[in-house]
Amino acid sequence: MPTRREFLTSGAALAAASCLCPLSANATPRNIVVIGKAIDGIVNGFDPAEAYDASADVLPNLYRTLMIYDRSSPGQLTGDLAERVDVAPNGLSYRFTLRQGLKFGGGAPVTAQDVAFSLQRAVKMNKSPSFMLTQLGLNASNVQDAVRASQDNVVTLTLPEIRASGLVLATLSTTVTGVVEQKTVMAHDVNGDMGNLWLRKHSAGAGPYRLLDWQAADHIILGANAGASMQPSLPRLAIRHMGEPATELLQLRKSDLDIARTLGSDELHALAGDPAMNIIGTDALALIYVQMNKATPMFQKREVLQAIKWSIDYESIAAHVTPGLWNTWQSFLPKGTPGALTGKPYRKDVAKAKALLKAAGYPDGFTITFDHPNTWPYPDIAQAMQADLAQVGIRLQLLAGDYAQVLAKRRARQHQMQIGRFAADHIDSSSFASYFLPNTDDSDAAKVKNGAWNNHFVDAGLTAAALAANRELDTARRLAMYEQMQRDFWEAAPIAFLLQKRDVAVARQGVTGLAIGPIDAYTHYSGVRKS
Amino acid sequence: MSSLKARHWRSRVGASASGLTAMVATLFGLVLVTFVIGRAMPVDPVLAIVGDRATPDVVARVRLELGLDRPLLEQFWIYLHHIARGDFGTSVMTGQSVVADVLHFFPATMELATLAILVAVLVGVPLGVLAAARAGSRLDAAVRVISLTGQSTPVFVQALLCLLVFYVKLGIAPGLGQQDIAFDGLVPSVTGALVIDAALDRQWDVFRDALAHLAMPALTLAFVSMSMIVRMTRTFMLDALSGEFVVTAHAKGLSPLRIVWRHAFGNVAGRLTVVIVLAYAGLLEGAVLTETVFGWPGLGQYLTRSLLNADMNAVLGATVVIGTVYVVLNFGADVAYRLLDPRVK
């Protein structure tokens, strides 16, 4: 039987031994970039014709597109695969001349036929992101003729109807237009799926990386795309799922991550001034807004909509609920979009809001339900708004729900008031305007069910203006149209914009070269290096 | 005598057969309830797949593809047909068959649960026996305190404390996940249990890394199970040690070791087996929180994520697998109890 002294001695020895021989070997390997990010929203994998939303920052690293966001001139696009773009004066015809020496992984050349095939495939498959191409007037029956490889290195796009060149070129920078290698993809065709099943977990692009492994909501491993004309600085990149920002911060501090992409306000505050960390950020084209369904009698009155817009303490929400990550913004075009108005006409004015409510016939206010997703920052914003609106007599009944549940309610137009979030698909102003403004058919059988339709918002003037802007070929006139639309929208719309996202990443010291774009589809990891 | 024995065995086989029938009925009930709950959820699985911006025709097509346009009874009948063929459908989250997903994630859970139960039994049973044999001693009091701590502290609190102490403060344990990202993809999957696969492939660096990652979550789970096992062992043994047969054994002059381990422990072995098997089943189906805290890519995490993404095929498939494991182990425990304890008919 060991004595107490022996027991304590051996315990101390064991503890000392475990410190000398740690099980963990801190710090990530030098040839791998490890990024922490919430990736549990990725469904169905990485086929560019099908993937949408959460996979958007991986796809531009696997696939190249005709056009790309120009980092040297923010707000502009430049050619990626396309060396030269010729637009016909009538706005219907586009001619893309490909660069020389472009190669897919494995070394096969990128041809005009591959580009045409990729665009045709995305339209024919008709998956979630295909609306970006079909809004140009392309559909399964006309795309074969509309997109053609006229020469080995020339792709022509002939639109059935006029679209603004800004919209067309921006669409050709989106992930759904990522160019796949036709031969490889069709070799994996199963029952006419054009390689869809295979591409969910593999890649066949000309990007700097190829997809090595994806375990849903766990990790994504990318490796250098050997043979491709563009190569990454480091041969391997791993994205680890981070469900909790606090855990992400912990792993970053313990050197288990090189870059953290989904930290919250609290974590960023904790890192402020830490010399071992570099905080990188850019204004993202994503907005948080509050929408009022005009099927609710109160919201049919313009004064009520205005009263709500004058009741919210925008600055306080940004300063106390989402500091560093979401800044105040009131226009439907976010900063960084051509034609965005930077003015903020609304501020909290209780007297003015009360007067407006009285004029609308609600001197004592009213009670209304308010749906919001149950994840940060929505509950905190909802509570702040509840307090703000209570001061003018509007009583919000908060209904928290899963994001998909809240979304389903909005799509069914069963909400009264709801918080929402919208992120751009591309840099062009139409990405926002097409969602929030036009409503040509407010019936349940409408073919287009956008943000305006969700809220029974029908404004003939704004609808006509938004559709006209999509067809306007003169860039200056088009920008002027968007500026006017933003002013009119403030007056008429049952939607109040609150905040614009700031996309923030934190990299450990010595990790450089991360290129965050204003949208995920413009984010590139290939330049990341470690010193 | 042999006729008596045969009748005895026949009665046990009969009881086991009726248990088997109950097991099938339970599984059917499990499938039915899970299916109904899945369809009654207020989350639209179609929207979870297509997102906010999909056009109405895309939404309608996906709804059709998932068969959600059909009456509920018809959907259930089709689902039963499919699972009878071993087809649990395709997970919308991973894009591959649910069976393939389960085969991928379940071995990680088994690896964790098996190591945990082994540690729990090897430590818990002797401790429980010792505590009972020295009832009222300091050792007994210490064992009871440890057992109470393990049972009264939620497992996720223990897991977080372990992470805080061994990973954050002391830095002697690796972080989250099943292995370091640098080793990912180096070992071909044979059994699905990374530690075993690494050993089979003689990749000793990967083996050490995988074992280090496995240690903390497994020991956390083991502590919880051990607390229960040690308490049950002590209680059973106290009961057995106060039996007349033990007094008789003492009177016959048998050694204390023989009385405790051969006579008393032999008497409680049947009951203890049931406790251990049920604890193991609980670990297989209830390690969700531990898997979440440690980022362990097991079936519990898969199920949770699928639920949050309204991936109903995956939820149903994983629930049926977990339910089946539980029911089968329960049945096994029942049979073992009948075989080990001659007093049970």
Side-chain angles (χ1 to χ4, degrees), chain A residues 15 18-19 21-26 28-29 32 34 40-45 52-53 126-131 134 197 200-201 212-219 221 236 238 240-241 243 247 250-251 253-254 256 401-402 404-405 407-411 420 422 425 435 445-450, chain B residues 41-59 61-62 91-96 101 104-105 163-164 166-168 170-178 180-182 184-185 208-209 211-213 215-216 292-293 295 297 301-302 304-306 308-311 314:
Chain A
S18 56
C19 286
C21 314
L23 292 167
S24 65
N26 281 335
T28 57
I32 302 177
V34 184
D40 53 346
I42 298 177
V43 292
N44 276 337
Y52 194 52
D53 282 346
N126 194 26
K127 299 285 186 181
S128 299
S130 66
F131 74 90
T134 56
L197 199 63
R200 286 176 176 177
K201 299 196 88 171
L212 294 181
D213 186 30
W214 166 54
Q215 294 301 333
D218 188 59
H219 66 254
I221 310 283
R236 206 167 159 98
R240 299 197 84 152
H241 173 60
T247 313
L250 178 64
Q251 297 224 55
R253 281 189 157 151
K254 297 292 291 179
D256 283 342
D402 180 77
Q405 191 182 344
L407 175 61
K409 200 168 174 183
R410 181 162 84 230
R411 294 281 294 231
F422 185 87
D425 297 307
Y435 186 74
K447 283 185 179 171
V448 176
K449 295 182 174 177
N450 58 9
Chain B
M41 268 174 63
V43 179
D44 186 346
V46 177
L47 286 183
I49 297 168
V50 301
D52 193 7
R53 306 284 304 281
T55 55
D57 64 314
V58 172
V59 174
R61 181 174 50 74
V62 174
S91 159
V92 294
M93 201 172 69
T94 65
Q96 61 182 13
D101 278 351
H104 175 79
F105 289 107
L163 270 179
L164 184 70
F166 299 108
Y167 171 55
V168 181
L170 298 178
I172 57 171
L176 310 184
Q178 198 179 14
D180 195 287
I181 205 84
D184 186 85
R208 272 192 296 275
D209 179 68
L211 198 62
H213 277 82
M216 206 158 43
T292 305
V293 174
Q301 267 219 58
Y302 175 69
T304 314
R305 287 196 308 255
S306 306
L308 292 174
N309 283 290
D311 187 352

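Numbered from 1 within each chain, the chains take letters A, B, ... in sequence-line order. Keep in mind that this is a model prediction, so the values were computed, not measured.
- For A445(A), no part sits under 4.5 Å from any heavy atom of chain B, backbone or side chain.
- With a threshold of 4.5 angstrom between heavy atoms, F166(B) does not approach chain A through any atom at all.
- With a 4.5 Å cut-off on non-hydrogen atoms, L212(A) does not touch chain B at all.
- Going from atom OG1 of T94(B) over to atom NZ of K201(A) covers 6.0 Å, rounded to the nearest 0.5 Å.
- For the ring-ring contact (aromatic ring centres under 6.0 Å, His included) test, residues two or more places apart in sequence or in another chain that qualify with Y435(A) are F422(A).
- With a 4.5 Å cut-off on non-hydrogen atoms, H104(B) touches chain A through its side chain but not through its backbone.
- Taken to the nearest 0.5 Å, the CD atom of Q215(A) stands 10.0 Å off from the CD atom of Q178(B).
- Interface remark: D57(B) contributes side-chain atoms only to the contact with chain A (heavy atom separation under 4.5 Å).
- Contacts of R410(A) with chain B are made by side-chain atoms alone, with heavy-atom separations under 4.5 Å and no backbone atom involved.
- Residues V59(B) and R411(A) have side chains in contact (heavy-atom distance under 4.5 Å, counting atoms from C-beta outward).
- Not counting sequence neighbours, the partners of L163(B) by the side-chain contact (heavy atoms from CB on, under 4.5 Å) test are Y167(B), L176(B), M216(B), V293(B), F294(B).
- Contact annotation for T247(A): only side-chain heavy atoms (C-beta onward) come within less than 4.5 Å of a heavy atom of chain B.
- At distances below 3.5 Å, at least one donor-acceptor pair connects side-chain atoms of R61(B) with backbone N or O atoms of N126(A).
- Scanning all heavy atoms of the two residues, the minimum distance from G175(B) to D256(A) falls at CA-OD2, 4.0 Å.
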